[in-house]
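This report refers to the structure that appears directly beneath it.
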Amino acid sequence: MEESSNSRSESEISKKFSSDNSYVPLNLNPSVFIPDEIIDESVNEWRFSLIGRLDFVKLKISVAETCLRKQWNLIGKCQFIPIGKGFFIIKLENKVDMKFVYEGFWEVESQYLKLRYWERDFKPEQQKSSSAFVWMLFPGLSIEYWKEDILMSMGRAIGRPIQIDSTTLKREIGYYASILVEVYHH
């Protein structure tokens, strides 16, 4: 019985009156053609953007935005756009600002900002993976390789490198090098 009432309402919805009071079927699956150049231009506008995540149960995005803006010394403009489930877009205007924010370690009221590069068609409700900040230890790595650019490259092979342990950079103790990395897991 339920099925017939649904199809009846659907058929009523799928018709409209024409000028002579007869029914004309409506297209319930309209499609629009958008030229590739327009899509590319729209996508290109977001090329320096990042996606951030914080727990907004006890934190307002306006508080997070104020706190982060105080920590960042950006060249261009920055816009915070909440998109749900704790995710928000950080829309930046240039590569220098994007690199600075992405490579930093940012704290907001005892939470650490999780970051990823902006991606097309990102849907917060479909995100199943999460991330964690992990100190990666490299025992047996010869001390001559304990340089920031080498260690950050090693961190990039694992996730998003955040910072190198100060003891490692000073080469005070030679047992192992350590670097803080944001690691994504599904």
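Between Ala177 and Leu151 the shortest heavy-atom distance is CB-CD2, 3.9 Å. In plain terms, the two heavy atoms of Ser42 and Trp46 that are nearest each other are O-CD1, 3.1 Å. Of all heavy-atom pairs between Ile51 and Phe87, the closest is CG2-CD2, 3.7 Å. Shortest non-hydrogen contact noted between Leu59 and Gln111 is CD2-NE2, 3.7 Å. The nearest pair of heavy atoms linking Leu115 to Gly52 is CD2-CA, 4.0 Å. Shown here for Gly174 and Ile143, the closest heavy-atom pair between the two residues is CA-CD1, 4.5 Å.
The closest donor-acceptor contact from the side chain of Arg47 to the backbone of Asn44 lies under 3.5 Å. Remark: the backbone N or O of Ile164 is not paired with any side-chain donor or acceptor of Thr168 at under 3.5 angstrom.
Hydrophobic clustering, with ILVMFWY side chains joined whenever heavy atoms are under 4.5 angstrom apart, keeps Phe88 apart from Phe122.
Residue Glu41 qualifies as open at atom CD: its count of foreign heavy atoms under 6.0 Å is 12 or below. Annotation: Asp40, atom CG; neighbour count of heavy atoms from other residues, nucleotides and ligands within 6.0 Å is above 12. Atom CZ of Phe100 sits in a crowded spot, with more than 12 heavy atoms from other residues, nucleotides or ligands closer than 6.0 Å.
Scanning for salt bridge (Lys or Arg N to Asp or Glu O under 4.0 Å) contacts around Lys123 gives an empty result, with sequence neighbours left out.
Screening residues 142-151 for side chain to side chain donor-acceptor pair (under 3.5 Å) gives no qualifying pairs among residues at least two apart or on separate chains. For residues 97-108, the pairs satisfying side chain to side chain donor-acceptor pair (under 3.5 Å) are Asn94-Asp97, Lys99-Glu103, with sequence neighbours left out.
Met136 has its side chain within reach of Ile158: a pair of non-hydrogen atoms, C-beta onward, lies under 4.5 Å apart. Taking 4.5 Å as the limit, some side-chain heavy atom of Pro35 sits within range of a side-chain heavy atom of Ile38. A 4.5 Å side-chain heavy-atom check between Met154 and Ile179 finds every atom pair outside the cut-off.
For an aromatic pair to be called close, the ring centres must be under 6.0 Å apart, and Tyr112 with Phe133 satisfies this.
Between Arg116 and Glu182 there is no salt bridge, since none of the side-chain N atoms of the basic residue sits less than 4.0 Å from a carboxylate O of the acidic one.
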